[in-house]
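Below is one structure; the comments refer to it alone.
First the proteins, then the strands, lettered A, B, ... as listed; each starts at 1.
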Protein chains: 2
Amino acid sequence: MDPLDIVSNLHKVKPVYQPVISAIRHNVIGYEVLGRYDDGEKLISLGDFFLDTDVPEEFKVEVDQHILEIAINDFLESQRTGLLFINRNAKQLMVNDGEDLLNMLILYEEKGFPMDRIVLEVTEHDFDEDFEALNHLLLYYKTYGIQIAVDRVGAKSSNIDRIRQLEPHILKIDTRTIRNHNSDGFQDIMYSLSMLARRIGAAMLFEYIEDDFQLYFAWKYGGRYYQGYYLAKPELTIQAEHKLTVNIGEKVSEYIQREKSLIEQRLVHVLNWEERIKAMLPQWSGNKKVDSFIELVTANFNKESFRMYICDSNGQQISSNFRKQEEDWVVEPDKKGSNWAFRPYFLENMINMKTWNRGTLSDIYSDIDTREMIRTFSFPLSDQYFLFIDIRYSYIYENESLLI
Amino acid sequence: MDPLDIVSNLHKVKPVYQPVISAIRHNVIGYEVLGRYDDGEKLISLGDFFLDTDVPEEFKVEVDQHILEIAINDFLESQRTGLLFINRNAKQLMVNDGEDLLNMLILYEEKGFPMDRIVLEVTEHDFDEDFEALNHLLLYYKTYGIQIAVDRVGAKSSNIDRIRQLEPHILKIDTRTIRNHNSDGFQDIMYSLSMLARRIGAAMLFEYIEDDFQLYFAWKYGGRYYQGYYLAKPELTIQAEHKLTVNIGEKVSEYIQREKSLIEQRLVHVLNWEERIKAMLPQWSGNKKVDSFIELVTANFNKESFRMYICDSNGQQISSNFRKQEEDWVVEPDKKGSNWAFRPYFLENMINMKTWNRGTLSDIYSDIDTREMIRTFSFPLSDQYFLFIDIRYSYIYENESLLI
């Protein structure tokens, strides 16, 4: 479509509303507003218009202001509570120092639509040219109560240093990345992002959810909000009670039961491994014969493990490495004297094991040497010595509860 | 300096070597090679030459090849084992499809310097123009055993999606960022990066370490390798036994003792909180009178907490929120019915609490509502109901063991 046609026929430009759903109460907590052009026969997305770098930013501002005005009026008329999510690109925001948007919002605050109901979505990648100026503008907006969401996280907007600097209220995760990337890789990213979100106090919103698996994924990785065709399509009107395509409460309830069952199965593994080591403890004769003790353990964990060793309470390895090669366990005495206390959670886990006299299973991680996904099961042999059993990937792969 | 002077006086260009130190054995595991120009009086860094975008990439390749040749010969002559870290920018690598570097390394492999001793440092940010082509080249290098390090992570190279795609062996963390940023922010980034590194099986190397605090920081955040003036300056010759400025073994040993002591102090808090709740358990009369039970708890945790509530084993909140405002506890009954099972580790912690009948303290995180750094202490009231006590920041701040 010709951008001029759009700007000179603003009366044909309309907002549509896509619900945003909460994992907490399973209800609609707000709407993202999107632009459509009504050519008399059908509604045409204005996506191309807004993404076209040849269209003057002033045009985009004009169209966006028009859409926003209708949207807030719709909210006020329908007495709908909740959040209104709007999109602005960096260049557009910089037009007139971002005052157009702010002035309109100030006006509507006076009419009863408080600014803390606005969530402004920006794309971090978009900031390349003048990150500082835009960050400054967003800080200014925040002082009025406007919430900030970083859009397209997981795809383009994955610079964690910038995300942290923006201190957004919401990270919008592009769920389509699950389909485009291999899923393993996306899990690594999601894990890091969910930890970042937790540290900076940002809520995660998963958008473009199109099937049950993606909703499960979003829930599992700590998504507080969901959006996508699977739950609700964009609609022309705001409904007082929005009917969703799926019963989200039921779905989440299924996920919870599934997750609990997997965690319990994993616990069965841990308890079983603990029992097996406890049964061997009478053979543990202190730090003089560490290697011969491990030899016993290898026979008992031949199926599960590919590597084991013993450390003291300072993280110092006091045994050889025992490493499985083909069917045999190879002894590597040169690893004795290595110190592993620098590894995340190492000392904390050790002190917990000592205190409660119980083993601990690590989360899944990638081994630096083999580059395979593994877990480590560790157990206190005494107050001072700790056994580490690395669980090999093929065993993990065969047991779903260890895989997740 | 005039780039032409450098290229036409290659005999004046020399490598210097900066040691890379391991947290595992506290020894030098390799050297990063850097370029210097010997003007007869002093050694001038070639940093400006390599960073100057006006200098033709072919010039840089020529100088870098010259330096590398001397470096490998130095390694071979001194019979030094370990890794050789070299830097190449993206454009330089793309000259002649990266064959110059590869051909030289193949030649030296025949002379006894295996390619898996080379660590090629690249900057992810540098790839903007043609990420796919460069990623492809690096994959090709990897098939020869060459290791890949992503340089300047934490500063410019913080795009986690790209870092994951590169699957580097090493992430080089720019420790200077601790000085430039506020330290809190850098901790958020480090935490996310260390989790990413763990997931993708990359070792973290902290560079530019210039004092004891930075070394401690590097160790604490899972740094496997260290580099910087605090440990060793770049030198003209490779020594068989490299003497470091600080006794790294002693330093790490201090950090371990300090960390253990803090973790033990934290445990004292947890045990004390557990005892206090256990003493109140006789008043717990099941899910009928949840709010009145919490009232009892608020009086007991007035100093530590600012918010508490009770959930069932499906993560459903069955009590009101109790929230401290000024000196009083405000009751928010509308929070009843919220579901929190989507939060990371929620169900796992709950099942652990139930199984071992013990409380659990979360790591430190930023509360979405207050945006303050908090922790949550939780305790199983029964098989089915769990008490959550959010610890306020001011209490955490007063107790170092809770802060780290």
Counting only N and O atoms by type, is there a donor-acceptor contact under 3.5 Å from the side chain of Arg199(A) to the main-chain atoms of Ser192(B)? no

With a 4.5 Å cut-off on heavy-atom pairs, point out which of Asp367(A), Val252(A), Asp363(A) contacts chain B the most. Asp363(A)

Among Lys260(B), Glu259(B), Arg343(B), which residue forms the greatest number of heavy-atom pairs with chain A at distances under 4.5 Å? Lys260(B)

How long is the span from the OG atom in Ser261(B) to the CG atom in Leu347(A), to the nearest 0.5 Å? 11.5 Å

Arg198(B) (side chain) donor-acceptor with Pro344(A) (main chain) under 3.5 angstrom: no

Segment of Met204(A) engaging chain B (4.5 angstrom heavy-atom cut-off): neither

Under 4.5 Å from any heavy atom of chain B, what part of Ile364(A) do you find: side chain, backbone, both or neither? both

Mind ranking Arg371(A), Lys220(A), Gln257(A), Glu372(A) by heavy-atom pairs under 4.5 Å with chain B and telling me who comes out on top? Arg371(A)

Gap between atom CG of Asp174(A) and atom CG of Asp161(B) - 0.5 Å precision: 10.5 Å

Quick one: which of Tyr255(A), Tyr365(A), Phe342(A) has the most heavy-atom pairs under 4.5 Å with chain B, could you say? Phe342(A)

Based on non-hydrogen pairs under 4.5 Å, which of Leu262(A), Ile351(A), Leu271(A) is most in contact with chain B? Ile351(A)

Is there a side-chain contact between Met195(B) and Asp188(A), using heavy atoms and a 4.5 Å cut-off? no

Smallest heavy-atom separation, Ala341(A) atom then Trp219(B) atom, equals O-CZ2, 3.7 Å

To the closest 0.5 Å, what do you measure between CD1 (Ile200(B)) and CE (Met373(A))? 10.5 Å

Just verifying a value: how many Å separate Asn159(B) CG and Asn159(A) CG, rounded to the nearest 0.5 Å? 6.0 Å

Between Gly315(B), Ala23(B), Gly249(B), which residue shows the highest count of heavy-atom pairs closer than 4.5 Å to chain A? Ala23(B)

Any non-hydrogen side-chain atom of Ser338(A) less than 4.5 Å from a side-chain atom of Arg25(B)? yes

Interface moiety of Ile256(A) toward chain B, non-hydrogen atoms closer than 4.5 Å: both

Which bit of Leu267(B) is near chain A, if near means a heavy-atom gap under 4.5 Å: side chain, backbone, both or neither? side chain

Considering only heavy atoms, which portion of Glu167(A) lies under 4.5 Å from any heavy atom of chain B: side chain, backbone, both, or neither? both

Residue pairs passing the side chain to side chain donor-acceptor pair (under 3.5 Å) test with at least one member in residues 345-361 of chain B, sequence neighbours excluded, are Tyr191(A)-Tyr345(B), Arg266(A)-Glu348(B)

Report yes if the side chains of His169(B) and Ile368(A) come closer than 4.5 Å at any heavy-atom pair, otherwise no. no

With a 4.5 angstrom heavy-atom cut-off, is it the side chain or the backbone of Trp340(B) that approaches chain A, or both, or neither? side chain

